[in-house]
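First comes the structure, then the notes that go with it.
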Amino acid sequence: MKKIEIITRTFKLDEVKTALSGIGVKGMTVNEVKGFGRQGGHKEVYRGAEYQVDFVPKIKIDVVVEDDFASEVVAAATKAAQTGQVGDGKIFVSPVDEVVRIRTGETGEEAI
Amino acid sequence: MKKIEIITRTFKLDEVKTALSGIGVKGMTVNEVKGFGRQGGHKEVYRGAEYQVDFVPKIKIDVVVEDDFASEVVAAATKAAQTGQVGDGKIFVSPVDEVVRIRTGETGEEAI
Amino acid sequence: MKKIEIITRTFKLDEVKTALSGIGVKGMTVNEVKGFGRQGGHKEVYRGAEYQVDFVPKIKIDVVVEDDFASEVVAAATKAAQTGQVGDGKIFVSPVDEVVRIRTGETGEEAI
Amino acid sequence: MNFVDNAFILICAALVMFMTPGLALFYGGLVRSKNVLATIMQSFIMLGLVSVLWAICGYSLAFGTDIGGLIGGLDFVFLNGVGMDNAGSPAENLPHLTFMIFQCMFAVITPALISGAFAERMKFGGFMVFSALWLLLVYAPLCHWVWGGGWMGEMGALDFAGGAVVHMSSGAAALCCCILIGKRKGHGSTAFIPHNLPMTILGAGILWFGWFGFNAGSALAADGIAANAFVTTHMATAAAALSWLVAEWAHGGKATTLGAASGAVAGLVAITPAAGFVTPMWAIVIGFGAGFICYGGIMLKNKLGYDDALDVVGIHGLGGTFGALATGVFATIGAEGLIAGNAEQLWIQFVSVVATWGFSFVMTFIIFKAVDKTIGLKATDEEQDRGMDIAEHSETGYQW
Amino acid sequence: MNFVDNAFILICAALVMFMTPGLALFYGGLVRSKNVLATIMQSFIMLGLVSVLWAICGYSLAFGTDIGGLIGGLDFVFLNGVGMDNAGSPAENLPHLTFMIFQCMFAVITPALISGAFAERMKFGGFMVFSALWLLLVYAPLCHWVWGGGWMGEMGALDFAGGAVVHMSSGAAALCCCILIGKRKGHGSTAFIPHNLPMTILGAGILWFGWFGFNAGSALAADGIAANAFVTTHMATAAAALSWLVAEWAHGGKATTLGAASGAVAGLVAITPAAGFVTPMWAIVIGFGAGFICYGGIMLKNKLGYDDALDVVGIHGLGGTFGALATGVFATIGAEGLIAGNAEQLWIQFVSVVATWGFSFVMTFIIFKAVDKTIGLKATDEEQDRGMDIAEHSETGYQW
Amino acid sequence: MNFVDNAFILICAALVMFMTPGLALFYGGLVRSKNVLATIMQSFIMLGLVSVLWAICGYSLAFGTDIGGLIGGLDFVFLNGVGMDNAGSPAENLPHLTFMIFQCMFAVITPALISGAFAERMKFGGFMVFSALWLLLVYAPLCHWVWGGGWMGEMGALDFAGGAVVHMSSGAAALCCCILIGKRKGHGSTAFIPHNLPMTILGAGILWFGWFGFNAGSALAADGIAANAFVTTHMATAAAALSWLVAEWAHGGKATTLGAASGAVAGLVAITPAAGFVTPMWAIVIGFGAGFICYGGIMLKNKLGYDDALDVVGIHGLGGTFGALATGVFATIGAEGLIAGNAEQLWIQFVSVVATWGFSFVMTFIIFKAVDKTIGLKATDEEQDRGMDIAEHSETGYQW
Ligand SMILES: Nc1ncnc2c1ncn2[C@@H]1O[C@H](COP(=O)(O)OP(=O)(O)O)[C@@H](O)[C@H]1O
Ligand SMILES: Nc1ncnc2c1ncn2[C@@H]1O[C@H](COP(=O)(O)OP(=O)(O)O)[C@@H](O)[C@H]1O
Ligand SMILES: Nc1ncnc2c1ncn2[C@@H]1O[C@H](COP(=O)(O)OP(=O)(O)O)[C@@H](O)[C@H]1O
């Protein structure tokens, strides 16, 4: 099985969720994160002193899926999250050895 | 080594922590996340307009352990987190190549 | 490619970021987490009742890099985050199969 | 000069002043966290901008010697002749300065109210210019018409504490602005859920508290009328908080905390023109009505689809209008409405409603267009995505 | 009629009104974030519910013509005969409406106080019915007994601003409710840590501020007694904030911010019955005592194990009782207590304490059981897990 | 005795009391979230500590029978002879207790102001001892000098509501403390960004509101002077909020919400010594000046590099000094300044400025050193890392 981590803009959450649901993803886990990258941050001012804030709010969506479903999920997420502007984010795919559904104790692809 | 990600109900944090400590886990890292799954979300109302909120607050507990300790950890976490109701969550196990303890620079199983 | 997860003290964020930027890391994703470990937590008091809070605020920095860049990143992060006191945190390195840059659809090392 | 009344009105002025930070929080809690400061700012800074303008010429335009029933003369510019005794004071019992500053607080909050309509997308620079012009070209004349010796007061329109001057005028301006500026990015597809409802409830609590100064203080004396206005204000507000909950419960199944707060504000608005003219039991009736009507108005907005972000039209526009008409119906104290057999009063109130909406809407339209063409008013989509706090003020509300 | 007193009491009434949103925040900050709105609501909406009931018949039951020392008659239902002058006013110097609305604010906050005991697990619908009944069946009679011409006042019990009427009555009701409703899910195993202490401190600040209206206003005139009540209120509160910190520091090693706020409220409660009767230095003594005693009461709760979520019994029940007895000891102004050689007063105070606790506890028991059987009062475990905000109001407090 | 004035000053005292929780929030929002409670506490607990000390001997040291122009005698220790009538009251029109408690609120907020300078690194125990000593050894004498019959008032120094007594004294103490205690860990390398600006704005709103009691109440009567002080306070504050924004905008390109709040406080500070002596239009001038000057002062701090965490020196020290001198220039009501042809007044003001800064700085130095050597004042780096809330109070501000 694969874990797909989608890091993208916060306001894209709904669109990505809908896209993934649409192709049959049944579950995902979302996290508010801060990203550092080419997009750059912004200036903040505090009583006349300027600070550069390098981190931009992003969301990270983790989805674990069967091996052969992974590329479809990646494609759907890419499509839904893309704006074409710097800062759209990344998708990371990594191996998962085992999945357990806590409620039932099921394991493997059954458990996803 | 293995990374075990336990995604479960927020109020189960203490029980899972105690269970894992009980079998000898020395460290873990916890995250507040939002989950989407079979459990479904809830309705919110804002001045007469209804919104469906699909995300439910969950916690994610990351534990990195030696390979042959992993299944015991998974079993203990499953037991502690189970309520039997939809929404109990998932456990994902994935490979870790290397671990470093920042304080000492130790690596590998020493560092866990 | 490798994912490097650096879990360390919150006030080390800037130093680690600067160190990694310094050796050429172009992007990273940061998360506020709570850590449980040897460092121990603290006592809280609420109207005369004492509670032990086991979790300490930490930050987790995720960086995905090319395979052969990984050890350099780990070394730089270790150096920047080290105070020598219990609670400095851990670095976990794990395999990543694929990376996609959402903006362009590029994949692999191009996309990092 | 009456020292009791002076003490009372000074304290009431302080209470009314406190409403503006209260409004800032009421509005601030309702927006998304990336816009909290910009929203708060658009209320808070009116304390700065409007007060100074009021001293320079706003007060004079509103309360200077009447010119043709339309506007005040320039006698009081730079607070010239506005002194520590009652010389020249429209309220003989009060030091002229006391009267002036009490009125100042009303002027401050009115443009702040409008800002709820275009929240989360208005640029700060343009907003300041818009508000300055609106104060001088809409608020000051209207205030003169009603309280400064102008035609509306002369006609006999009843407006105890600002149903027309404050609430209808800002409601009409809000409608105009939110149509002209257009929707927020994401409107219709994204849910704009309040980021901090406790902050909004706190704001509502402060508004309720301060409104006693607004309405009871409008008696301009610590007499029985003030007592009555105080009681009617409280009772209408209480009733409206309840009826909004009933409406919600009947409509959607759940009574909400925001509903209680919104209902309270609707009740405060509706009783404002009536406070000194009706009895407490009629105030309860007005309050009950206001909760239902303003709730209905917001349902309507959702149907019509314009993006009045924080429901200024539904609450202040509609609530103020209902209150003005209800005053024409239920007035029995120091004036006679329909139930006292004086149907004409209702007609007069109706005229004042139409005139206020018309005047405010048209003038707002002109001012908005002028500022939009010259300085620009709407933030870009990209700025809206980042949030107005960073885009306009280089600040963020919270760091956890 | 005295215009100075009218001005003073109207402003005091506004201050007392502000205490209820203050209480909402004080309580709201102490619960977990998933219950913040439901908790706030149970205070805030009392402004709506109780005020309307007060106008309909609550005021009349409390202050109508005395019937057998037990309850007021129906003379003032629907505020009939409650007017802008002092005709029929229990306070001759005040417009009847002013007296009525000042009393209304006391009625509003009392059931709100109880809600702290069953926080985080009470359903909203049942809560509303419970509170309405409690107001009419417990608060109104008690208020009549003490201030409306009833037997307790006649007996000579001293209660300057509501030690019995407000604090003991709500404390006793709180004890009864939290036993009957049972514990929150997780009680004993989970730590229920406050989610937003700055909000609680803000609430405490507002309470302290508003309480000047509560206690000084209870002089019903802007005289030296009011000045004295103002000063005793402030000094007792200050002393109690300090002594709570000392208790904490001696007991656990750390002085906490919540301790300072809790001590302040304990001091405010304890001085309430005494405010106009004791001198400022005795007020400091009472305050010091209150901090220690209420802290001790909470320790006791932790031992006894009932789940009085926000310590209404420990602070209002115990603090009010201590204050009532202390009044019997230290009264020297306009009344004589033990130190003035009048031991009987202490006995009278003791009788009033027993009667208040007994009456409130028994009546609350009956009302609670009746509502619980018919409508249901406790949220399910599943609802408590999701949080009362979503379960009962379909809202969440914060979105970051 | 005048009942109107009594009513007015009691309400004003309540308003001034409310400023201290307001300050707690103003400061609390500006620190990092791990220090929010400790920061709030250092203001809030002054309500406890200072009030009790004031009753015991502080009031007597300030207002007891003058001893050599330097300090008050012990006539009023334990509030001996401070009663419900005006016997012995420095203000004949007020009950002695009313005068005492109004002054008490000023004493409370002054040491609280200082705490902004050493925020995020001061230990609580030492802070309490430091503040107690500072109150008795710095505030009480200074208060006596200016208002209690001491040499500064006799010399003719004008300080309407506390430019010297409250703001310069705390500003000078702040400068001394922040140099002596040293910088926060991370100063210079880390950005210390406010964790909750809406909380700060709320605090500023409460301060503005309460300050009406501070300044208008300092007329000690509900007369035209009070009305004038009310108006000048509002206008200067409004102007300073605007001018701070202009300074920011000219300097860095963005007007900030914190700037509006900071400017408002700067204006409030600067008008404090002048409020009853200048006309509203000059107040606007003073306010405009204050915004620019205090903004400049903070720029200077950034250059000089001392760690005045929340800018007490820049705002209270500088603003108070500017206001004191401006009073010497613009006074025309009940006193004559430079523009009224009385250049000497400016010289007198100058002397009072130097004396206040000198006295407060030197005394603070001694007290700080003494407490630091015996009890210890600075938190360790490790404690600063964990946060003062956990280290000093075993609490955390928020749990989400
Ligand atoms: N190497 C990386 N490792 C982890 N996260 C990364 C990495 N590179 C980028 N990111 C994440 O992706 C986000 C977007 O990257 P950025 O370089 O700004 O734009 P783009 O994705 O358009 O190239 C960053 O804010 C960060 O959260
Ligand atoms: N495929 C998945 N990938 C990542 N997280 C998942 C996935 N499926 C479920 N989850 C997480 O597990 C939680 C519980 O899943 P859910 O389907 O509601 O119930 P259950 O675990 O009982 O089947 C979700 O809220 C989500 O956080
Ligand atoms: N086995 C583990 N799995 C996941 N996270 C861990 C593990 N061990 C430690 N951590 C994380 O590292 C942090 C520091 O660990 P700790 O044992 O306190 O000190 P040190 O790193 O100095 O040995 C913890 O707070 C926790 O977040």
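Values below: all heavy atoms of this structure, side chains included; hydrogens, waters and symmetry mates excluded. Lettering of chains follows the sequences in order, A, B, ..., and the numbering in each one begins at 1.
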Region of F:F44 that comes under 4.5 Å of a non-hydrogen atom in chain E: side chain
Closest approach of F:L97 to E:P280 (non-hydrogen atoms, all atoms of both residues): CD2-CG, 3.8 Å
Inter-residue atom distance E:L242.CG - F:I45.CD1, 0.5 Å rounding: 5.0 Å
Max heavy-atom pair count under 4.5 Å with chain F, selected residue of E:A239, E:A241, E:S33, E:A255: E:A255
Note, E:P194 side chain near F:Q399 side chain (heavy atom, < 4.5 Å): no
Region of F:L15 that comes under 4.5 Å of a non-hydrogen atom in chain E: both
Side chain to side chain contact (heavy atoms under 4.5 Å, CB included) between E:V231 and F:H96, intermediate numbers included: CA-CA 11 Å; E:V231 172; F:H96 200 163; over 6 Å; no
Interatomic spacing from CE in E:M235 to CD1 in F:I101 - rounded to 0.5 Å: 4.0 Å
Largest heavy-atom contact set with chain E, pairs under 4.5 Å, which of F:G28, F:G83, F:S51: F:S51
Engaged part of E:L245 at the chain F interface, taking heavy atoms whose separation is under 4.5 Å: side chain
Toward chain E, the part of F:L25 with a non-hydrogen atom under 4.5 Å: side chain
Which portion of E:I225 sits near chain F, non-hydrogen atoms under 4.5 angstrom: both
Least distance between heavy atoms, E:F230 atom then F:A13 atom: CZ-CB, 3.7 Å
Any side-chain heavy-atom pair of F:F18 and E:F18 under 4.5 Å: yes
Which portion of E:A226 sits near chain F, non-hydrogen atoms under 4.5 angstrom: both
Closest contact, heavy atoms only, F:M105 versus E:F212: CE-CZ, 3.9 Å
Chain E interface, residue from F:D389, F:L47, F:N80 that has the most non-hydrogen pairs under 4.5 Å: F:L47
Over all atoms of both residues, closest heavy-atom pair of F:Y398 and E:N196: CE2-OD1, 3.5 Å
Per-residue contact mode, F:T396 against chain E (heavy atom under 4.5 angstrom): backbone
Option in E:T279, E:T237, E:I193 with maximal non-hydrogen atom pairs under 4.5 Å from chain F: E:I193
Contacting moiety of F:L202, where chain E heavy atoms sit under 4.5 Å: side chain
Over all atoms of both residues, closest heavy-atom pair of F:A391 and E:K254: O-NZ, 2.6 Å
Heavy-atom pairs under 4.5 Å with chain E, option from F:A7, F:A38, F:P21 with the top count: F:A7
Stepwise side chain to side chain contact (heavy atoms under 4.5 Å, CB included) test for F:M41 and E:I201: CA-CA 9 Å; F:M41 184 70 154; E:I201 313 295; over 6 Å; no
E:L197/F:H393 under side chain to side chain contact (heavy atoms under 4.5 Å, CB included): CA gap, chis, key distance, verdict: CA-CA 12 Å; E:L197 281 178; F:H393 304 292; over 6 Å; no
Chain F contacts, top residue of E:P198, E:A264, E:C12, E:G205 (heavy-atom pairs, under 4.5 Å): E:P198
Structural part of F:V4 lying under 4.5 Å from a heavy atom of chain E: both
Criterion side chain to side chain contact (heavy atoms under 4.5 Å, CB included) on F:L10 and E:F8, from CA distance to verdict: CA-CA 9 Å; F:L10 286 178; E:F8 185 62; 4.1 Å; yes
Any donor-acceptor pair under 3.5 Å from F:E395 side chain to E:L258 backbone: yes
Atom pair CG (F:L37) and OG1 (E:T256), whose distance is rounded to the nearest 0.5 Å: 9.0 Å
Pairs of heavy atoms under 4.5 Å with chain E: top-ranked of F:D85, F:V50, F:L49: F:L49
